[in-house]
Amino acid sequence: MSNAQPEAIRQAFVTHVDENRLMDCMRCGFCLPACPTYIHSGDDETQSPRGRIALMKAVRDGVVVWDGSIEEAFDLCLGCRACEPACPAGVQYGTLIEETRDAIVSAKQLSVKEKVIRKGAFDHLFADQKRMKQAVGLVRFYQKSGLQKIVRRVGFLDLFPTMMRDMEKVLPDPPKQPRVIVHTEEKKTKVAFFTGCLMDTMFQETNRHTIDLLEYLGCEIVIPKNQQCCGALQGHSGEMDRATRNAEANLEAFDSENVDFIVNNAGGCGAFLAEYDRLFEQDAVLLAKAKRFVEKQIDISSLLVQLGIVEKLAMRPSSEIKELITYQDSCHLRNVNGVINEPREILHAMNDAVFVELPGARLCCGSAGIYNLLQPEMAITILDAKMQEVQEIQATTIVTTNPGCLLQMKVGVEREGLSQTSRAVHIVDLVHEKLFK
């Protein structure tokens, strides 16, 4: 049960949740078949977007008394925003669920444990890139020192939940030394690279490959100093003040750069970056910076297509033995940024591969930031259905465009015992492999 006082919650909803946005919902139901939690909960309306919006309004109006079941309905939302492109009324569900979680956090009496976790994560780890690198450094020590083998051998991991054990098995290997690539293209496009917190630490090799590809295609690259975590994790967890603080730091870091594009290689980050302007609607100076920032945002697959990667891949030699490739959409890249075709264009252009559409690619894989750790039962249910589809089309390579999705699909491969025949890979790493190996 929730430990929040009903009246305090109601007042928080009045303060934080915009009633006009709530009234946009027509209760038409077009969102229902787009919502993974509705599908996997046996058509439970409280697990649908329109059901959650009805609950938001009911709590705000004092029609229902706040309790743990209502909080659970909001907690189980993936925040994938697949309902938004399905909605004929243009309901801003992503904003509503963030406002709702912000209201809940502001009114709840957090336990000491939760306060410590939130402060450690949002005020330190995800607020300072140096601390993130130090934390990942400990993970690398765990992997390289032999401690990982000992921990696995003695069964210490059995003390942890199933999802955490599975995640430990698929931690990315320590980055290899970057290869030297001859970049022959004339520099004709200037881009600033948003390196990201996880991408620049846990997935550092993918970032190196991103730089390789951009230079190969004629980009001059600048990497602004003092950039921070995009703020998505904070914003999706009811910590909008902290998310806004990170966003402001990033605006300052990038605003002085005279570039054609600001590129990122993580779908979840890209969606939050592309909506920075909504965070500063009450501050004219920061809003102007945010608009300049948003106008230059582009996802790596979109930029690669613009720069001619499809033609470069098509020129590569064909192969008699072709890899069977499929693609799992990043929810936010698809639903917020509207990037659907570009990754598929890239994969179709690979002469030594055959692309097969994943039947449920548009639906969330169950990662959703840290959702798979907080709501493991639903996350595993969604993932198992996803992996069933992978096996039905007999894909050997699952391509993603987001670090959370990548780890989730790696967990799926591991859970299904497919690690000897199948793999999950970021699209940047696959393109790099096809061009330079």
Side-chain angles (χ1 to χ4, degrees), residues 33-43 78 80 82 157 161-173 203 206 267-268 301 319-335 340-341 343-368 371-373 375-431 433-434:
C35 178
T37 55
Y38 176 76
I39 293 170
H40 290 288
S41 65
D43 299 346
L78 290 150
C80 67
L157 291 172
T162 301
M163 182 58 78
M164 291 190 69
R165 295 200 302 270
D166 291 339
M167 294 289 281
E168 189 274 345
K169 293 177 184 176
V170 299
L171 286 172
D173 293 329
F203 295 93
T206 303
S301 61
S319 171
E320 292 184 5
I321 302 176
K322 294 186 182 291
E323 191 174 2
L324 197 60
I325 294 176
T326 194
Y327 175 66
Q328 167 61 36
D329 283 281
S330 157
C331 294
H332 289 92
L333 185 63
R334 180 187 182 104
N335 300 324
I340 300 172
N341 295 327
R344 291 170 169 83
E345 289 178 38
I346 292 171
L347 299 177
H348 274 295
M350 295 177 177
N351 287 329
D352 57 353
V354 175
F355 176 76
V356 180
E357 186 69 37
L358 188 65
R362 65 180 179 83
L363 294 176
C364 183
C365 65
S367 172
Y371 182 95
N372 52 4
L373 299 178
Q375 305 292 338
E377 185 176 346
M378 179 61 78
I380 289 174
T381 298
I382 292 171
L383 177 60
D384 286 348
K386 186 73 62 179
M387 293 310 299
Q388 181 63 39
E389 293 179 346
V390 169
Q391 293 182 74
E392 286 174 1
I393 63 172
Q394 300 181 331
T396 56
T397 300
I398 310 163
V399 183
T400 74
T401 48
N402 187 62
C405 303
L406 178 58
L407 285 176
Q408 184 79 340
M409 299 313 290
K410 283 179 176 288
V411 166
V413 168
E414 185 71 29
R415 279 175 56 81
E416 296 296 326
L418 303 175
S419 57
Q420 298 302 313
T421 58
S422 301
R423 61 173 177 160
V425 61
H426 192 288
I427 194 168
V428 163
D429 296 321
L430 184 64
V431 173
E433 174 187 303
K434 298 299 183 186

Atom pair [atom1]/[atom2] of [X] and [Y] - distance to nearest 0.5 Å:
X: Ile382; Y: Gln375; atom1: CD1; atom2: CD; answer: 10.0 Å
X: His348; Y: Ile325; atom1: NE2; atom2: CD1; answer: 10.5 Å
X: Ser422; Y: Gln391; atom1: OG; atom2: CD; answer: 8.0 Å
X: His40; Y: Leu363; atom1: NE2; atom2: CG; answer: 7.0 Å

Taking the side chain as everything from C-beta on, heavy atoms only, tell me whether [X] gets closer than 4.5 Å to [Y].
X: Thr397; Y: Leu324; result: no
X: His332; Y: Asn335; result: no
X: Val399; Y: Thr326; result: no
X: Asp384; Y: Glu416; result: yes
X: Gln328; Y: Gln408; result: no
X: Leu78; Y: Thr37; result: yes
X: Asp329; Y: Arg344; result: yes
X: Ile398; Y: Val390; result: yes

Exercise for the section: Count the heavy atoms of every other residue, nucleotide or ligand shown that sit under 6.0 Å from CD of Gln394, and state whether that count exceeds 12. Expected result: no

Indicate the atoms forming the closest heavy-atom contact of [X] with [Y], along with that distance.
X: Phe203; Y: Pro403; result: CE1-CB, 3.5 Å
X: Asp352; Y: Ser319; result: CB-CB, 3.6 Å
X: Tyr38; Y: Ser41; result: O-OG, 3.2 Å
X: Met409; Y: Cys365; result: SD-CB, 3.9 Å
X: Pro36; Y: Cys80; result: CD-SG, 3.9 Å
X: Asn402; Y: Gly268; result: OD1-N, 2.9 Å

Exercise for the section: Run the salt-bridge test on Glu323 and Lys434 with the 4.0 Å N-O cut-off and return the result as yes or no. Expected result: yes

Practice task
May I ask you to decide whether Glu433 forms a salt bridge with Arg423, counting only side-chain N to carboxylate O separations under 4.0 Å?
Solution key: yes

Completion exercise
From the list Leu347, Val431, Ile346, side chain to side chain contact (heavy atoms under 4.5 Å, CB included) partner of Ser301 resolves to Ile346

Practice task
Take Leu383 and Met387 through the side-chain contact (heavy atoms from CB on, under 4.5 Å) test and state the conclusion after the steps.
Solution key: CA-CA 6 Å; Leu383 177 60; Met387 293 310 299; 4.1 Å; yes

Handout entry: Any donor-acceptor pair under 3.5 Å from Glu389 side chain to Leu358 backbone
Key = no

Problem - Side-chain H-bond candidate by donor/acceptor type, Tyr327 with Thr401, under 3.5 Å - result: yes

